[in-house]
Amino acid sequence: MSKKARTSGQRTHWQMVAHDLKVNRTIYLLAIPMLVYYILFKYVPMYGVTLAFKEYKFLDGILGSPWATPWYKYFKQFVTGRWFVITVKNTFLLSLLDFIFGFPAPIIFALLLNEIRSTPFRRTVQTITYMPHFISVVVVCGMIVQFCATKGLFNSIISFFTGREGKNLLMQTSWFRPVYIGSGIWKGIGWNSILYIAAIHGIDQSQYEAAKIDGAGRFAQALFITIPCMAPTIIIKLIFRMGDMMSIGFEKVFLLQNDATLQVSEVISTYTYKTGLKGMKYSLSTAINLFDTIINLALLLTANALARKFSETSLF
Amino acid sequence: MKKVLAMLMAFVMVLGVLAGCTGNGGNSKAESSKPAESSKAEQSKTESKAEASTPAESSEPESTIPALPFEETLHVSVFNDMNAKFVGLVEDYADIPWYKWLAERLNVVWEFSNIPTEAAAEKFGLLISSKKWTDVIDGKFGNYPGYDVQAYKDGIIEALNTYMDEGYMPNMLAFYAAFPQFEQLVRLSTGEYLEVPHLRIVAEDLNSNGLVVRKDILDALGLPVPTTIDEWDATLRAVKAAYPDIIPFSPRDAKWMNSNVPFIAAWGMTYFEYNDGGTAKYGAVQDEFKDYLTLMHSWYEDGILDPDWLTSDTKIITAKVAAGQVFSYVGAAGGNLRNPWNAIVTEDVNSPVEYEGAPVPTLNKGETPKMGHRDNVHTLYGGWYMTTQAPDKYRLAQVMDFLYSEEANRTMYFGIEGENYHVDPDGRINHYEIGADGAVVDLRTSWEPSRTATPSAYAQGYFVLATASIYKDNNPEIATPEPVDENADELTKKLRHIEEVRQTALKLWASFDPVNRMPELVYTTEQLETRTEIYSEIENYVYEQVARFIMGDRDLNDFDNFRTEVYNMDLETALSIAQEVLDQYNGK
């Protein structure tokens, strides 16, 4: 392409943009509140991360506070602390386990639900499994604590079958992770399956008919039609999930942990709360959170790159 | 000879003045206004003292200090949070009878911010960073990094020294002269007074928690209320054997095993810092602490300690108490002692369940406990701070000072004479009146909006004020108990009985000699920072390891390693700071 043609091409491009803005101005106008929202609430507050590199002074505010010397002071404090290895390990392990067990659960659930032929029954099951999602996490944790108590629901079941007197599950290090992950699946399975169920409904029925003619059974249909057709949805959800890998929910861990299980239950966010916010070390907590965020971002980018490499679906 | 006599007289007069501000202020005024014939120097000295103790409203007319009530209305804006006790009763603190009375008495207009407690920390941050402060900030500097000392250095808080020196705060001066031990808690080591403090100087006000036992079970087993650790051990084991379904002991939650020292107090310490005859020590690293852990571990193993002790909280324990599932527990007089018990008798008047407070246990019979649960007299969460932006600082100082006058204090506790109490012919304060229909009327209800049908503590004194309970202490002549209503039904009688048990328990829990308790020390910002940094780490660690030791997750033979680990967390630095400040404190 000649130089002249390119410049004229560019001009037409900008002209097109201008033209588009003019023609569709009402639609662009509609987008403004959203843009303002993101700028105001997501981008503007980002200057707050500078706190991680500053000696925070309450009265001077974030911008007015002097810089820390050396700049990595608070990162060093976290990394060399006694809890660094434990919290990073626990955060990672809990996320990983939650991912391994929690991610496929709604997919399997959606597939199973799809196989139910009786519509009223399916609807009922769906509604019941949605329910826990709408209960506040505080209430859910209160219930879990009660269920796990020495004479609680789970121990009653265990002692019914084994005949042995049970111990409080939440006070044993070996039980914390199963309880945490199991309750997470219970709370989220119905809600998280919605997207998959929608994807299944979107599959062209003629494909199933063709498969049936070819002699495929129910299982083969699910394996060769339903799952491949759900794949884009699964991958997108997977990428989102990877981005959240390290940001394990604070409330639930905090409400379920106690002094006896800290070795397995202390995660970065609860640690930040205890030492950072309670001790009013704002710079330290910001540094820890920034550390957490950087790892999350790295995971997200990796997941995205992998997804792009192995399939056609990716976020960007 | 003459000189000695003069000095003696002066001394007597000062005494009179002091008695005046602790007790009947009225009499002392008359006494001190009679100048003695002594040397001029002595005379002027006593006069200045006398002036200091006279409430502001009676200052000489030629004085430049404005008289109370002010001629011109003063607007006072106060940043406060709305105590849960008042939610639903009043929308604005200015509607609380006490503040209404103050507003009339002083000619001020209150502008309270009335922040809901849960939003208080956030709003406080906003207030500070907005740099447009209210005239007065009620407490809250517990949320400020470096606390009030740093806020003063940052120019937010106005020190009150100028106003005290210039005679605008006579009541504060009189109070500090009478109670130097409390002045020590408030004055900074550099000499500044930052606040009109909220002090709780009556021992019984400082503790509403302690051990509670099931009296009916003890009676059935023929056992007395346990007083020593050995007796406790034997009693709890006997209860476990006789009533396998009842939990012998349940703390409210894991942290209460330390903060309310139900059993560690017997060893005269807490998990954390304590004062051993002038030496700052740390409980968790002492040899005796291992004995404590050994006992607790055996209690856990043998099912004496609530198997769910780490996941328990106030609601859970209250439910257990109401269901009669626990034999003994760490009770709060109003919360999980009275309320669940009231619920039990309301359900079934003839319920045999009977609770009783137990004293702080000791190691040897007959000893006076050296430790027990006691709140701080002076906390960071009460007190009024004047900000540097207050427009009329001198008059505001007078308003704040008035909170410490006898008149204000008396009114706060008893209400308005004739309306909320009568003075009986024998001089006692009587809050009750026989109404037209013959029923007993509690006159306090119109004064204390938080008052419910069951008589509660004088709630306002705890929650609303920047003042000390001076006159509560010195006016024990309150007509108690309530006149008994012969026609009262079973339930009413039972509820009154519960109230009596509660009152007895409160006295019992407060009856220990807090010699081993760390006094309330005033640290500098730098000292505080170092200590917070070290202790936030250590305390979390101690709680965690104590849980592991008690559960048997960590072997008790490993205690020495645990001790070394705590020392490795820079314990000695923190302790030496405490020692330094403790020495200063004791040196005074």
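Only this structure's heavy atoms are used, side chains among them; waters, hydrogens and symmetry mates stay out. We name chains A, B, ... by the order of the sequence lines, and we start the count at 1 in each one.
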Quick check on B:Lys315 against chain A: is it the side chain, the backbone, both or neither that has a heavy atom closer than 4.5 Å? neither

Residue from A:Gly152, A:Ala260, A:Cys148, A:Gly142 scoring the most non-hydrogen pairs under 4.5 Å with chain B is A:Ala260

With the side chain counted from C-beta on, respond yes when B:Phe562 and B:Val285 share a heavy-atom pair under 4.5 Å apart, and no when they do not. no

Tell me, side chain or backbone of B:Ile316 under 4.5 Å from chain A's heavy atoms, or both, or neither? side chain

Can you tell which part of B:Glu529 gets under 4.5 Å to a heavy atom of chain A, answering side chain, backbone, both or neither? neither

May I ask you to decide whether B:Glu192 forms a salt bridge with B:Lys153, counting only side-chain N to carboxylate O separations under 4.0 Å? no

I'd like to check the ring-ring contact (aromatic ring centres under 6.0 Å, His included) partners of A:Tyr72; sequence neighbours left out, ordered by chain and number. none

Heavy-atom pairs under 4.5 Å with chain A - which of B:Pro307, B:Ala151, B:Ala547 has more of them than the others? B:Pro307

Other residues, nucleotides, ligands: >12 heavy atoms within 6.0 Å of B:Lys255 NZ: yes

In residues 263-270 of chain A, what donor-acceptor pairs under 3.5 Å come from side-chain atoms, sequence neighbours left out?
{"residue": "A:Gln263", "atom": "NE2", "partner": "B:Glu544", "partner atom": "OE2", "Å": "2.6"}
{"residue": "A:Ser265", "atom": "OG", "partner": "A:Gln257", "partner atom": "NE2", "Å": "3.4"}
{"residue": "A:Ser265", "atom": "OG", "partner": "A:Thr261", "partner atom": "O", "Å": "2.8"}
{"residue": "A:Ser265", "atom": "OG", "partner": "A:Thr261", "partner atom": "OG1", "Å": "3.4"}
{"residue": "A:Glu266", "atom": "OE1", "partner": "A:Gln257", "partner atom": "NE2", "Å": "3.3"}
{"residue": "A:Glu266", "atom": "OE1", "partner": "A:Thr270", "partner atom": "OG1", "Å": "3.0"}
{"residue": "A:Glu266", "atom": "OE1", "partner": "A:Lys274", "partner atom": "NZ", "Å": "3.0"}
{"residue": "A:Glu266", "atom": "OE2", "partner": "A:Lys274", "partner atom": "NZ", "Å": "3.4"}
{"residue": "A:Thr270", "atom": "OG1", "partner": "A:Val267", "partner atom": "N", "Å": "3.0"}
{"residue": "A:Thr270", "atom": "OG1", "partner": "A:Val267", "partner atom": "O", "Å": "2.9"}

Which answer fits B:Glu533, side chain, backbone, both or neither, if we ask what part of it has an atom under 4.5 Å from a heavy atom of chain A? both

